[in-house]
Visitor: 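For reference, the structure I am asking about is given below.
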Amino acid sequence: MDFRDTAEEARFRSALRRWLQENLPEGWGSPGYQEPEGEARVEFYRDWSRRLYEAGYVGLHWPKRYGGHEAPLTFQAILLEEVGRAEAPEHIGVIGLGMAGPTILARGTEEQKERFLRKILTGEEVWCQGFSEPGAGSDLASLQTKAVQTDGGFVVTGQKVWSSFAHIADWSILVARSDDSGDKHAGLTYFLMDMHAPGVEVRPLRQITGDAEFNEIFMDSVKIPADRVVGEVGDGWSVAITTLMNERANLGFALTSRLDVAFRKLVTLAKATGTNGTRAADDPLVRDRLASLWTDVQALRFTNYRAFSSFLRTGVPGPEGSVAKLFWSETNQRLTKTALQIEGAFAMLGTGSDRAVEGGRWQNLQLRSRGNTIEAGTSEILRNIIAERVLGLPKSR
Amino acid sequence: MDFRDTAEEARFRSALRRWLQENLPEGWGSPGYQEPEGEARVEFYRDWSRRLYEAGYVGLHWPKRYGGHEAPLTFQAILLEEVGRAEAPEHIGVIGLGMAGPTILARGTEEQKERFLRKILTGEEVWCQGFSEPGAGSDLASLQTKAVQTDGGFVVTGQKVWSSFAHIADWSILVARSDDSGDKHAGLTYFLMDMHAPGVEVRPLRQITGDAEFNEIFMDSVKIPADRVVGEVGDGWSVAITTLMNERANLGFALTSRLDVAFRKLVTLAKATGTNGTRAADDPLVRDRLASLWTDVQALRFTNYRAFSSFLRTGVPGPEGSVAKLFWSETNQRLTKTALQIEGAFAMLGTGSDRAVEGGRWQNLQLRSRGNTIEAGTSEILRNIIAERVLGLPKSR
Amino acid sequence: MDFAFSEEQEMLRASARELMNDRYPPERVAAIADGGGFDREEWPAIAGLGWIGISVPEEQGGAGLGFLEELVIVEELGRALYPGPFLSTVVLGLEALRLGRAEELISDILSGKRIATVGWAGEDGRFDVDPAPKVSWDDERLSGVKLFVPDIGVSDLLVIVGGTAQGAGLWTVDRDAEGVTWRELPTVDGTRRQGEVTLREARATALHIDGPASLERLRDRALAALAAEAVGLGSRAIELALDHTRTREQFGKPIGAFQAVAHQLAQAFLEVETARSLCYWAGWAVAEGTPEASTAAAAAKARAAEAAVAACERAIQTHGGIGFTWEHPLHRYYKRALGIAATFGWGDSLRARVAADLLDPP
Amino acid sequence: MDFAFSEEQEMLRASARELMNDRYPPERVAAIADGGGFDREEWPAIAGLGWIGISVPEEQGGAGLGFLEELVIVEELGRALYPGPFLSTVVLGLEALRLGRAEELISDILSGKRIATVGWAGEDGRFDVDPAPKVSWDDERLSGVKLFVPDIGVSDLLVIVGGTAQGAGLWTVDRDAEGVTWRELPTVDGTRRQGEVTLREARATALHIDGPASLERLRDRALAALAAEAVGLGSRAIELALDHTRTREQFGKPIGAFQAVAHQLAQAFLEVETARSLCYWAGWAVAEGTPEASTAAAAAKARAAEAAVAACERAIQTHGGIGFTWEHPLHRYYKRALGIAATFGWGDSLRARVAADLLDPP
């Protein structure tokens, strides 16, 4: 047990830190900075992703033949930490890197690997996810999107929801029902769907913050060739589980790192804000909460590390990721709520108000945080997973 | 809506308050006071109960023909409040007054009413309760104590647990299985069992605090005459529900009143105790907690009042009692835990230590409080009741 | 002792609920919140119901009922997220004018002709009753900045609350008078917009009040009313969640049959109902002017706001993704609940006052 | 970066667990706790295992391992509620002697011949590192009162921690020396008894230490070790609850199949596991003497104690009535957890120190 970087890790970390310092987009992170909008925004992120790739910072632990570096997994952890710490832009391939790619690597055909993996890394092709449906959220296996087998492939009809990046995506991982005769888990098949195929329509979904981060995907007789099935026909449930486990495993470091940044900003807020005539940072109740949040962030960091160690040993993400996701989501909710409390009455003012504290960013973050306990496995489902798969309690359903 | 006493209520309250002041047992409540032990203790409480009765303060809302006063129900609420407030000894008939009596009143025969009710009020006969069994706690209907019908009555064999007062009781309300052929709720019968009958054995059960407040009751072929059945044979489940609803309805005022007293003592503790070089009562974290606890106690008080109003209208205790019991139990746990925190390291010292704060009473109360969320309906069962019977959600079992 | 509402009070509640269901269903509230805000023209209809002067004696042109009745209405308005200026005009503005015996203005308010709002917090965002100068007043002209002035867009009259070098005061000034500039501030909660007012030597009228005690009374009314709004909207959020979880099926049964869902809502119910008890007690105490009124109102507002926020959070959680969308009405309940929590002091600061009342009695 | 224990460390853990299962099963611990306490004669067996000097360099007669290994043992002892003087003698006493280079005493401790304990808190019950005089020292004789001295009944040697008018100090004095009176105080937790010591001009030996830094190091070791105990016993309490809820049936199925039960235990697991992460981090930081050691140890102790207390409470709750009885072992876990929470500062005071480290860096 050694919480310090090895010499090799330290070299990698400091080179990366320097690279980020020198290469962040101009003006990025400065107070008045405005991200580009619309098409320009996509180009901006695609460009940034390409530069990250060219600098050798994408796909660190992926095989070299698909554009990766076969570096130790710890490097990937360091990358996620440092990108979070620098508040650098995200690689546009969040879904490709965290969900589609690992799934194709684990379960895809050689042709699929050759065809898709490198373009995920370069940012050339953007991916989205088609799992949840209006009638199938926590109970994913009850999904109703139909995939009818035809000559040489499938025809897919149905609706997906909660798909981030779908509005700019080239490809989607998709789970659909190819057989509804038997057990609901058995009849699912996992596809790679071309988002530019005829019959695919994407509509943005406006969320609680007013932003539209997610989309609905409507599929009307979309043709998918047979070689775009991942795993066996009818084996989609087990492939989807691979995806979800990887999602949670990959989230950990990035989310914790961002949370750590958010905590430091919260401290800045507490020092800058006066309540009851003194700095919030001098209020014992605020101090107690800050100490507790800091403890949460550290606990999360080292819980991720411990889960990571077990990942390193087994090569497969385990259910420990559920603990980290659950704890992260609730910590983020507490943290952002604390920011509102520190702001006092100014908590009422949102984006667009020059009187708003820090442009209303905490209001946005706080509202957005309510989704954290719903997306990527509701807290209720995660507690089931912990109870049943980690603690060995009998199934509650 | 008027939170003040009517003139009549105010007169009753002040007379009662004066009576308590003048009649509390000598030395009662003074710092060094020691309650009598063993047999003398039973006699002490029996005597006190008799005096309460003779002063007209027992069975206020019960019919006059059974020794009651047919006073408005509000008087009963005032009585419970004032007895709690004065920290007066309890009437020995806690189970008789709160569970057995109301059940006999509601469901008993005229003969049973004549035979039992007055002696509950006078304290002449002490009652206990025989519901829970080692294998039947929350799932009361799965109880296994057998009642076999014979000529003129029943023969009962089995084991009951968590029975307070059983070691001094003359009578027990008892639910046993008289028919195990059908639905588990259908075959139960409700009895009044003579605790002095041959075959009844009582063993004390030592609890977390080291005290033995509860007992186990072992029944080996105990004969119960047929006229000691309450309600119909096989209708024991519905009679038991009557008992449990009354238990929760009656608990409210007394418990809140005691909680209010405990809160005032907690404030005294906070003012007397130094942490970090100042009074605990000056520590903003302690102040926040005290304000929150005070708010809890008031919220509980007025929630009881509101439930009481609905009781007054309908004459039947409703499921609102579950809210009050649940909230009370958790408030009491928070309150007693706060006392330990205020004590600092002295929280480690228990009864029998001259270094212990207030003789270790808070340690005892804190440990005892853990039972509050288990006894008289676990919090899990109460949340089920609220979800299903108050909120109309589908059954979870 | 009587802890139930009277039949008349229950009838008032029923008619308020009916009216709100009728005129301010969620779609309507959404359109107002997301659009241009409350339409001033809709206000006189409220006057027609006699709600404005509900707690004003009949001889002063009111309905002759009390603050408890006013709270019954406020709770129902909160339940509906009513986006009009009731809190500002009736709970605060009218009472301020009554405390200052501004008869003529009172009758304009009662008739619905004029709408008043109250500027309380200064640039520090605090709603205090304290002697620290917040505005300056030279016996003719008033200067200062007021933030978080509710419903300013539809108000005619401003009541300014403040400490000056001479002590606590209340003033009236026309919103559009010379020396007054105002604007709406973009708020998270679109159903209650907040404004900013800047007074630069504006000609104002001082109300003759009973010093800080009048301000305390105003504040206690506001706290009790905010608590009632919170209780109303919290209950409604739970009902929405119950409707959803009774019908939404996952894993072959309604999700409300899962304890992980059901017990969250049971807990939300417990919290809102116990807060409701505090709220009615505080309302009664404020109505009667009993000694515990201030403490009770602070405790009730703190607890009710927290219960409402938590109830909305649990409602969103048990709704799953749909509760996180803009199209679903829940987020407006949540934003109002957060707004209630943030105005007139978050729980911490209210509990600090409760603690002072309990632990350091004068 | 390597966040896992080595194979050797895991073997140490396994052997410690086996030994505890073997020699200190719950019945044995119950007998000791409810009876006369730990038998001093059992101590040398621990010395025989090499655990006493586990973190002492080989050249000083120890096992040459580190504080992390010591914590592995402490966690296992916590798991078993080991009622012997490991915390007092090894974590605190021995380290104090090492800080003071009291070579001869060190070898007596290492051999198991002598048992040392530490008197830290004065009559105010605080475990501070501060300059306020707690004892008086005239270069020969020591006077003062020490409370909460663990395992005093089986100790030979007292290490006294205190501030004097001359600064922070550590002294050794024989428990049974002239001028020393001592007694056991009745504690709620029978598995760790606490004592009171009164020194009246007792002849003591001052240890030459590095001022407050030495005391801070001692305190940080104590905090990290208490955190490890808490994590160990919290995990065990959860396991007891899992065993119970997997087999106890109500309503026709194991109660662990009810989310109301299962999710409580999932939450307890989450809390203990995240506290475990903090505990190992703190242990590593203390072992390595990194700058964050003090902050990490305070945070870990605060969180681990709270997690253990909550885990025991949830275990009692999910056990139902049986968990509330004296005959069931759970209550001893709970009492130890509360004892851990109460010693060396409750969460509030530790978080106050964490906040100071974060917000007011020197």
Side-chain angles (χ1 to χ4, degrees), chain B residues 132 134-142 161-162 184 205-212 214 273-277 283 285-286 289 333 337 340-357 360 363-364 366-368 370-371 373-375 378-381 383-384 396-397, chain D residues 34 121 123-128 130 132 147-148 183-190 192-194 196 248-253 255 258-261 264 309 312-313 316-328 330-331 334-335 338-349 351-352:
Chain B
S132 296
S138 289
D139 184 11
L140 183 59
S142 71
V161 73
W162 301 116
K184 66 180 184 174
L205 194 57
R206 197 171 173 208
Q207 71 206 35
I208 191 168
T209 55
D211 301 331
F214 299 99
T273 309
T275 52
N276 301 324
D283 175 340
L285 286 157
V286 171
R289 227 169 280 152
Q333 291 178 345
K337 181 80 73 67
L340 297 201
Q341 289 165 343
I342 288 174
E343 289 189 13
F346 289 89
M348 290 189 273
L349 304 183
T351 323
S353 172
D354 55 3
R355 282 282 189 186
V357 179
Q363 283 66 17
N364 236 305
Q366 193 275 329
L367 289 171
R368 179 63 185 82
R370 300 318 306 180
T373 46
I374 298 171
E375 61 200 333
T378 66
S379 294
E380 292 75 17
I381 290 294
R383 287 202 182 87
N384 276 355
S396 65
R397 293 186 304 274
Chain D
D34 296 359
E123 286 185 283
D124 62 359
R126 293 167 60 202
F127 291 78
D128 294 328
D130 71 17
L147 294 183
F148 308 111
R183 58 171 179 156
E184 276 192 347
L185 297 171
T187 41
V188 177
D189 171 19
R192 174 164 291 149
R193 309 204 171 182
Q194 305 280 344
E196 171 174 348
R248 163 83 173 178
E249 295 201 1
Q250 293 280 273
F251 306 107
K253 55 181 177 175
I255 60 172
F258 290 102
Q259 289 178 324
V261 171
Q264 284 188 60
V309 166
C312 291
E313 288 172 350
I316 292 171
Q317 181 69 22
T318 54
H319 269 79
I322 189 70
F324 187 68
T325 60
W326 190 275
E327 69 178 305
H328 196 282
L330 255 182
H331 72 96
Y334 187 43
K335 289 166 182 174
L338 287 168
I340 290 171
T343 195
F344 279 88
W346 285 86
D348 284 8
S349 64
R351 277 189 294 275

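Reminder, nothing fancy here: chain letters follow the sequence lines and each chain counts from 1. The analysis underlying the following values was restricted to heavy atoms, covering all of them including side chains, and did not include hydrogens, waters or symmetry mates.
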Visitor: Measuring heavy-atom distances to chain B, does D:Y334 have an atom under 4.5 Å in its side chain, in its backbone, in both, or in neither?
Guide: side chain
Visitor: Under 3.5 Å, is there a donor-acceptor pair between the side chain of B:Q341 and the main chain of D:A342?
Guide: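 Judged by distance alone, no pair lies under 3.5 Å.
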Visitor: Can you see which heavy atom on D:W346 is nearest to which on B:G344, and at what distance?
Guide: NE1-O, 3.1 Å
Visitor: Taking side chain as everything from C-beta outward and backbone as N, CA, C, O, which of these in D:I322 sits under 4.5 Å from a heavy atom of chain B? Side chain, backbone, both or neither.
Guide: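 The backbone, not the side chain.
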Visitor: For chain B, find which of D:R248, D:R192, D:E184 contributes the most heavy-atom pairs closer than 4.5 angstrom.
Guide: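 Option with the top pair count is D:R248.
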Visitor: To the nearest 0.5 angstrom, please state how far the CD atom of B:Q366 sits from the CG atom of D:L338.
Guide: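 These two atoms lie 5.0 Å from each other.
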Visitor: Is it the backbone or the side chain of B:S132 that comes under 4.5 Å from a heavy atom of chain D, or both, or neither?
Guide: neither
Visitor: Should the pair D:F148 and B:F346 be assigned to parallel (<30°), tilted (30 to 60°) or perpendicular (>60°) ring geometry?
Guide: perpendicular
Visitor: Sort D:R351 into side chain, backbone, both or neither according to what part of it lies under 4.5 angstrom from a heavy atom of chain B.
Guide: neither
Visitor: If every non-hydrogen atom of D:Q250 is compared with every non-hydrogen atom of B:S138, which pair is closest and at what distance?
Guide: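 Shortest heavy-atom contact: OE1-N, 3.1 Å.
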Visitor: Tell me, for B:R368 versus chain D, whether the close heavy atoms (under 4.5 Å) come from the side chain, the backbone, both or neither.
Guide: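 The answer is both parts of B:R368.
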Visitor: Could you look at B:L285 and say if it's the side chain, the backbone, both or neither that has a heavy atom under 4.5 Å from chain D?
Guide: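 Side chain of B:L285 only, per the 4.5 Å heavy-atom cut-off to chain D.
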Visitor: Among D:I316, D:D189, D:D348, D:V261, single out the residue with the greatest number of heavy-atom pairs under 4.5 Å to chain B.
Guide: D:D348
Visitor: Of all the heavy-atom pairs spanning D:L185 and B:S353, show the shortest one and how long it is.
Guide: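 Taking every non-hydrogen atom into account, CD2-OG, 4.2 Å.
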Visitor: Can you give me the closest heavy-atom contact between B:A345 and D:F127, atom names plus distance?
Guide: CB-CE1, 4.1 Å
Visitor: By a 4.5 Å heavy-atom criterion (distance strictly below it), what part of D:Q194 contacts chain B: side chain, backbone, both, or neither?
Guide: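 Contact with chain B: side chain only.
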Visitor: For chain B, find which of D:A121, D:G321, D:G252 contributes the most heavy-atom pairs closer than 4.5 angstrom.
Guide: D:G321
Visitor: If you compare all heavy atoms of D:A260 against all heavy atoms of B:E380, which two are closest, and at what distance to 0.1 Å?
Guide: CB-CG, 3.9 Å
Visitor: Regarding B:R370 and D:E313, does a basic nitrogen lie under 4.0 Å from an acidic carboxylate oxygen?
Guide: yes
Visitor: If you compare all heavy atoms of B:I208 against all heavy atoms of D:H331, which two are closest, and at what distance to 0.1 Å?
Guide: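 Closest approach of B:I208 to D:H331: CG1-CB, 3.4 Å.
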